[in-house]
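Let me begin by presenting the structure, written as structure tokens, before commenting on it.
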Protein chains: 2
Amino acid sequence: MEEKCISKAVIKRLPRYYRYLGELIEEGVERISSNELSEKMRVTASQIRQDLNNFGGFGQQGYGYNVPYLYEEIGKILGLDKTHHMIIVGAGNLGQALANYVKFEKRGFKIVGIFDVNPVLKGISIRGNEIRMMDELPQFLKEQDVEIATLTLPKNNAAETADLLVKNGIRAIWNFAHLDLDVPKDVIVENVHLSESLMRLSYNLNCYENEHEKK
Amino acid sequence: MEEKCISKAVIKRLPRYYRYLGELIEEGVERISSNELSEKMRVTASQIRQDLNNFGGFGQQGYGYNVPYLYEEIGKILGLDKTHHMIIVGAGNLGQALANYVKFEKRGFKIVGIFDVNPVLKGISIRGNEIRMMDELPQFLKEQDVEIATLTLPKNNAAETADLLVKNGIRAIWNFAHLDLDVPKDVIVENVHLSESLMRLSYNLNCYENEHEKK
DNA sequence: TAGATTGTTAATCGATTAACAATC
DNA sequence: TAGATTGTTAATCGATTAACAATC
């Protein structure tokens with residue numbers, strides 16, 4: 001149990017540590033020092049040690065870190081040792097793509113329902129989940145224990161759908177809609193704004209060009 | 001033309017400003033002060049002014065900012081006044097979903113080709129683009145002027161595909177594969193690691209629970 | 001024990017916020 | 001002109017890096 005919620009900057013880096021450790025395990029690496037890991041990941045060794053020590057001492061002086069142990073501990077911190085039930089709200093292209101993505105389940109994120117307003121989609125099955133109509137949603141959430149809702153809807157009805165989800169007990173929203181959701185502070189929102197990501201890429205293209213022109 | 005590339009923290013916020021300004025335009029708002037905008041966006045007015053002044057003075061003392069003007073200027077900074085040709089490499093669920101997404105084109109990101117290794121997909125048309133096989137890619141890139149490649153492939157052949165793209169003149173990669181690409185420093189990489197996003201959400205769920213238990 | 005490497009404190013760096021003079 | 005609000009400098013805060021004592 002952590003003492004308190006840790007700075008966002010650190011949390012942002014945790015999944016990347018987890019990924020690299022997973023790869024090291026696959027390569028059969030048993031132990032690693034912060035220095036070796038820092039070279040692999042291109043961050044400072046200092047940052048690695050500082051980050052990890054937010055959660056307690058996972059290493060051993062003179063030895064380094066035990067890879068499988070550290071992997072598991074970070075997994076626990078990220079809550080990957082538990083199963084999270086998830087629904088997808090909005091079964092358009094993106095919603096369906098996410099529903100088809102197998103790896104989420106391997107990490108403990110189990111899709112238990114898919115919803116849409118479009119009657120054309122009703123009953124279509126995606127990896128064992130039939131697409132349901134939105135009016136079934138409140139009843140569904142009463143019967144099932146669902147923590148996370150993935151919001152893959154057009155912006156215009158995303159806000160009211162988020163309200164509905166919160167009202168029916170959803171604890172976290174993975175938001176792909178292009179707006180900032182206004183939810184009670186005990187509801188987690190994690191945004192994935194693809195168009196903003198693409199704009200940043202575009203900026204960097206632009207920026208590099210300008211840098212170059214001057215030379 | 002900017003003097004130099006600006007801090008990442010600022011760039012990360014630009015698309016959000018752009019989005020809010022776009023909404024204000026739709027509402028018919030002509031001018032806005034940093035204070036009004038700060039309330040809407042829940043950031044400090046100081047930050048808004050500081051951010052914008054990285055690119056020059058867009059406002060006017062005693063008046064505030066002209067909304068359509070500021071919107072256009074930020075658009076220019078983000079390179080949204082130009083058309084960017086883009087290909088999608090990897091026509092799985094996610095690749096196809098992105099190919100179907102209409103809004104990118106509205107922002108100047110035009111998809112001009114879709115590629116995959118799977119012969120089953122060959123010739124399938126998505127919004128006017130037929131899926132091509134990967135071996136056609138080098139020739140395609142010679143004939144067409146493509147800046148951006150969206151990488152929606154499984155991790156295992158993402159690295160070599162990135163090399164191939166770079167070798168054939170791609171200037172930016174929008175990377176959805178779960179690995180860090182190793183490219184020359186003049187090639188832009190913008191990562192979208194969905195599973196990492198989901199892990200952060202999971203952490204926050206976890207963290208909040210622990211906070212609560214203690215009470 | 002000697003060597004290695006962590007955990008942790010102190011120093012530096014960068015980003016955010018506050019304050020206010022400039023000016024529309 | 002007086003009021004409002006920016007642009008910008010200075011102060012604060014937080015995050016990163018460096019250094020080193022603790023210890024395996």
Side-chain angles (χ1 to χ4, degrees), chain A residues 2-17 20-21 24 29-74 77 200 203-204 207, chain B residues 2-17 20-21 24 29-74 77 200 203-204 207:
Chain A
E2 302 88 85
E3 277 78 45
K4 54 170 171 156
C5 288
I6 306 299
S7 98
K8 270 192 184 173
V10 176
I11 300 314
K12 219 168 170 243
R13 287 191 290 265
L14 276 190
R16 189 157 176 267
Y17 292 133
Y20 273 84
L21 291 165
L24 286 167
V29 177
E30 259 296 307
R31 53 162 282 211
I32 195 159
S33 71
S34 57
N35 240 305
E36 292 170 277
L37 190 57
S38 90
E39 276 173 36
K40 253 187 146 35
M41 296 186 64
R42 298 179 192 215
V43 296
T44 63
S46 210
Q47 183 167 75
I48 293 175
R49 295 204 297 278
Q50 196 74 276
D51 281 355
L52 295 179
N53 272 86
N54 280 298
F55 305 97
F58 297 134
Q60 195 169 54
Q61 280 101 331
Y63 171 85
Y65 297 89
N66 179 284
V67 175
Y69 171 70
L70 186 55
Y71 179 77
E72 200 182 312
E73 288 303 310
I74 295 181
I77 292 166
R200 281 192 291 274
Y203 169 82
N204 285 314
C207 168
Chain B
E2 301 90 81
E3 277 79 44
K4 55 173 171 150
C5 288
I6 305 299
S7 98
K8 272 193 183 176
V10 175
I11 301 315
K12 226 176 159 231
R13 287 191 288 266
L14 277 190
R16 188 156 176 267
Y17 292 133
Y20 273 84
L21 289 165
L24 286 167
V29 178
E30 260 294 308
R31 54 162 281 213
I32 195 159
S33 71
S34 57
N35 240 307
E36 293 169 279
L37 189 57
S38 90
E39 276 173 37
K40 252 186 146 37
M41 296 186 64
R42 297 179 192 218
V43 295
T44 62
S46 211
Q47 183 166 73
I48 293 174
R49 295 202 300 275
Q50 197 74 275
D51 282 355
L52 296 178
N53 273 84
N54 280 298
F55 306 97
F58 297 134
Q60 195 169 53
Q61 281 100 328
Y63 171 85
Y65 297 89
N66 179 284
V67 174
Y69 171 70
L70 185 57
Y71 179 78
E72 200 182 312
E73 288 303 311
I74 294 181
I77 293 167
R200 281 193 291 275
Y203 169 82
N204 286 315
C207 168

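Just so we're on the same page: letters track the sequence lines, and every chain starts at 1.
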TODO: Nearest 0.5 Å please: distance from the NZ atom of B:Lys12 over to the CG atom of B:Asp51.
DONE: 13.0 Å
Task: Atom pair distance, as rounded to whole Å: CZ in B:Arg42 and P in C:dT17 - done: 15 Å
Open item on the list: Going by purine N1 to pyrimidine N3 plus the second Watson-Crick contact, or the G-U wobble pair, all under 3.5 Å, which nucleotide sits opposite D:dT17?
Closed with: C:dA10
TODO: Hey, could you give me the CE/OG distance between A:Met41 and A:Ser34, rounded to the nearest 0.5 Å?
DONE: 12.0 Å
Task: Where protein sits on nucleotides 1-13 of chain D, one letter per nucleotide: B base, S sugar-phosphate only, - none, heavy atoms under 4.0 Å - done: ---BBBBBB----
- [ ] Calculate the interatomic distance between A:Ile6 atom CD1 and D:dG14 atom P; express it in whole Å.
- [x] 14 Å
- [ ] With rounding to the nearest 0.5 Å, note down the distance linking CZ in B:Arg31 to CG in B:Leu24.
- [x] 12.5 Å
Task: Point-to-point distance, once rounded to the nearest 0.5 Å, from CD of A:Glu36 to OH of A:Tyr65 - done: 12.0 Å
- [ ] With rounding to the nearest 0.5 Å, note down the distance linking CG in B:Leu37 to CD in B:Gln47.
- [x] 11.0 Å
Open item on the list: Can you tell me the base-pairing partner of D:dT23? Count Watson-Crick or G-U wobble geometry only, both distances below 3.5 Å, and say none if there is no partner.
Closed with: C:dA4
TODO: Could you list the residues that satisfy salt bridge (charged side-chain N to carboxylate O under 4.0 Å, His left out) with A:Glu73, not counting sequence neighbours?
DONE: A:Lys76
